[in-house]
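The structure appears below as structure tokens.
First the proteins, then the strands, lettered A, B, ... as listed; each starts at 1. Every value quoted in this text rests on a predicted model; they were computed, and no experiment measured them.
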Amino acid sequence: MAKNNKTAISPRRDEDYPIWYQEVIKAAEMAENSDVRGCMVIKPWGYTIWENMQRELDDMFKETGHKNAYFPLFIPLSYLQKEADHVEGFATECAVVTHHKLTKNAEGTLVPDGALDEPLIVRPTSETIIGATFAKWVNSYRDLPILINQWANVVRWERRTRLFLRTAEFLWQEGHTVHATKEEAVEETLKMLNVYKDFAENILAVPVITGEKSESERFPGAVSTYSIEAMMQDRKALQAGTSHFLGQKFAKASGIKFQSKDTKEEYAWTTSWGVSTRLIGALIMTHSDDNGLVLPPRIASAHIVFLPIYKTDEERETVLKYIEDTKAGIKEHGRFHERHLVMEVDDRDLRGGEKNWYWIKKGVPLKVEVGMRDIEKNSLAVLRRDNPELKKDFIDRDNFVRDIHTTLDDIQNTLFERAKKYRDDNTHVFDDKDEFEAFFTAENKKKPEIHGGFALSHWCGSVQCEEELQELKISIRNIPLDGKEESGKCIHCGKDSIKRVVFAKAY
RNA sequence: CGGAAUGUGGCCCAGUGGCUAGGGCACCUGGUUUGGGACCAGGGGAUCGCAGGUUCGAAUCCUGCCAUUCCGACCA
């Protein structure tokens, strides 16, 4: 099938990456901007992905001993003040509730009325309110550990928003745990970080680097913050999840104390960890191409779409029957990784071409055309969305049905390997300052091309070097956990260093 | 919060002081079509972002505001 040069998404990635991103979302009907500034409407095709993420992650949380609970949307203003660093981090982006009713003024317009004694803030995160609650739950070492997760929405009044990547309100999960010892809390922090890595790589097919954040990138109030970092197709880094070791800071702020075995009163050790709808942005920017969204089968909103092709009512009957038989055959193979295969049949009265492109842009892993010619040969016209050439294969129906799980797994693996290769190809080790700086300098300053990537270089550990490197618009994404110790010189100041860190431009 | 651009039916745009604001796409009706973005005919749909001002007359000029997008600072 000859393919013309026109791509379904315009502009292409190499023409204008940020606009391409928005167009992919629009074309796939995943989300749109709402009438409320900075807040998005997540449409069914996008929300299904979130539901799939929730289910997979929730299983993993349960598997590691966590239980779900729900805490209030509103947090008393005074609670936020309990932890000094925490206040500083979030104070500038809080929605504040000051009144509890509306009345009509002289002009007949509704105005806030009934001022609250103490203003409430809409949670930007829940450490404080959950900490206050945990303080009541914990008395003895026998009450520990407490392993809680909450699925919720949070609000951070961001100045500049982008669909899925940064919105004023977003959906996420936040895990909060309390432990008797530091070791146990650290272990929990790293365990959940690895759950995130597992999820990102195996379910989303997004390769990530686990590592610790530098001091300046740390969560407000944390002792240490760890992240998973992914590379998008514009070679910028995206922080896709974080896990925090909170030490005893929040325990002290909220009074989470317990009596130990030897009858002494001790402060507990806490952790928190979260991923958000931002992961959908990561998914889009990792796999999608110039023809729209590309979804890995393990997270896809639908796995297979059948497009019936017929001319007469009789043919329609025949074709739809053939599709139903094929679906039934596929169902007999059972669930795909414990999930029912979602199969759509698009029998809308639309031109074939238009319908085809519709589903290509939606990123369904397998698109199957069925017409009379296929039925005669007992075959199917199959297009794998991971094939950038959009090439149709005519496959024997029995083989297609038999191999369906293998095929989907193969698409999943192909996407992961492709993303991993892209990241690795664009990750370089630098020991020379000039080369390092050239790597991050755009050739065309007016309209910077896609350039740079991840640089693995030595860093002395000083905040000053980190700040000065911001001139290159880069930051330390994290200090990889699997990085081996080796002596070297800081790429910026030349002082001694024992570890390489990941430098990159970031979202 | 700074810089830039843009606001005209659902979407994309034309109209740069003068008749009833146009076109393309989308939508609805009828017909012909249907294996890679169809065609014909008819039809519905707009307080030209908002508020003031200038003018005999404003989508068009002026002022202010608002929104969106991009770039920067700040952040998941």
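- Between A/A240 and A/I360, the one whose closest nucleotide on RNA chain B sits nearer the 5' end is A/I360.
- A/S276 comes within 4.0 angstrom of a base, heavy atoms only.
- Between the side chain of A/N356 and the base of B/G35 there is no donor-acceptor pair of N/O atoms closer than 3.5 Å.
- Distance from the side chain of A/R37 is smallest for B/U68 among the nucleotides B/U68, B/C70, B/G35.
- Relative ring orientation between A/F170 and A/W172 is described as perpendicular, the plane-to-plane angle rising above 60° on a 0-90° scale split at 30° and 60°.
- With a cut-off of 3.5 Å on both Watson-Crick or G-U wobble distances, the partner of B/G57 is given as none.
- The phosphate of B/A38 has OP1 or OP2 within less than 4.0 Å of a side-chain N or O from A/R351.
- Residue-level contact check: A/E93 touches the backbone only, with heavy atoms under 4.0 Å from sugar-phosphate atoms and none from bases.
- Nearest nucleotide to the A/D349 side chain, out of B/U33, B/G37, B/C71: B/U33.
- Within 4.0 Å (heavy atoms only), A/Q239 reaches sugar-phosphate atoms of the nucleic acid but no base atom.
- Among the heavy atoms of the strands, none lies under 4.0 Å from A/F219.
- In this structure, A/K236 atom NZ and B/C71 atom C1' are separated by 10 Å, rounded to whole Å.
- The residue A/T167 sits close to a base: some heavy atom pair falls under 4.0 Å.
- Nearest to the side-chain atoms of A/Q22 among the listed nucleotides B/C70, B/G36, B/G37 stands B/C70.
- Closest to the side chain of A/K473, from the set B/A73, B/A38, B/A76, is B/A73.
- When the nucleotides B/A76, B/G36, B/U68 are ranked by their closest atom to the side chain of A/E158, B/A76 comes out on top.
- Under the Watson-Crick or G-U wobble criterion, with both distances below 3.5 Å, B/G30 is paired with B/C40.
- One finds no side-chain N or O of A/R160 lying less than 4.0 angstrom from the OP1 or OP2 phosphate oxygen of B/A73.
- Base pairing of B/G72 is made with B/C1, judged by Watson-Crick or G-U wobble geometry with both donor-acceptor distances under 3.5 Å.
- Comment: A/E201 does not engage A/K420 in a salt bridge, judged by the lack of any side-chain N to carboxylate O separation of less than 4.0 angstrom.
- A 3.5 Å limit on both hydrogen-bonding distances identifies no Watson-Crick or G-U partner for B/A21.
- B/C61 and B/U55 are spaced 10 Å apart, taking the C1' atom of each and rounding to whole Å.
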Subject >> A/F440/A/F436 under ring pair (Phe, Tyr, Trp, His ring centres under 6.0 Å): CA gap, chis, key distance, verdict >> reply: CA-CA 7 Å; A/F440 288 116; A/F436 177 86; 5.4 Å; yes

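- Where A/Q470 and A/G371 meet RNA chain B, the nucleotide closest to each residue was compared, and A/G371 sits on the side nearer the 5' end.
- Residues A/T286 and A/L204 have side chains not in contact (no heavy-atom distance under 4.5 Å, counting atoms from C-beta outward).
- Across all strands shown, B/A67 is found opposite B/U6 as a Watson-Crick or G-U wobble partner, with both distances under 3.5 Å.
- Among the protein residues, A/L238 comes within range of no part of the nucleic acid, since none of its heavy atoms lies under 4.0 Å from any strand.
- Residue contacts shown for A/R166 include a base, since a base heavy atom lies under 4.0 Å away.
- At least one side-chain nitrogen or oxygen of A/N33 sits closer than 4.0 Å to the OP1 or OP2 atom of B/U69.
- For the C1' atom pair drawn from B/G45 and B/G23, the interatomic distance equals 15 Å after rounding to whole Å.
- A straight line from NZ of A/K391 to C1' of B/G36 spans 15 Å, rounded to a whole angstrom.
- Note on A/D374 versus A/R397: no salt bridge recorded, every NZ/NE/NH1/NH2 to OD/OE distance being 4.0 Å or above.
- Within the 4.0 angstrom heavy-atom criterion, no nucleotide atom of any strand lies near A/L163.
- With both ends at atom C1', the span from B/A73 to B/C11 equals 34 Å, rounded to whole Å.
- A/I9 has its CD1 atom 15 Å from the P atom of B/C12, to the nearest Å.
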Original post:
Can A/H86 and A/F250 be said to form a ring pair (Phe, Tyr, Trp, His ring centres under 6.0 Å), step by step?
Top reply: CA-CA 9 Å; A/H86 196 63; A/F250 281 91; 5.0 Å; yes

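- The A/K361 side chain lies nearest to B/G37 when the options are B/G37, B/C70, B/G35.
- Look at A/D85 and A/R218 and you find no salt bridge, because none of the NZ, NE, NH1 or NH2 atoms lies under 4.0 Å from a carboxylate O.
- Side chain A/R159 to base B/C1: no donor-acceptor pair is found below 3.5 Å.
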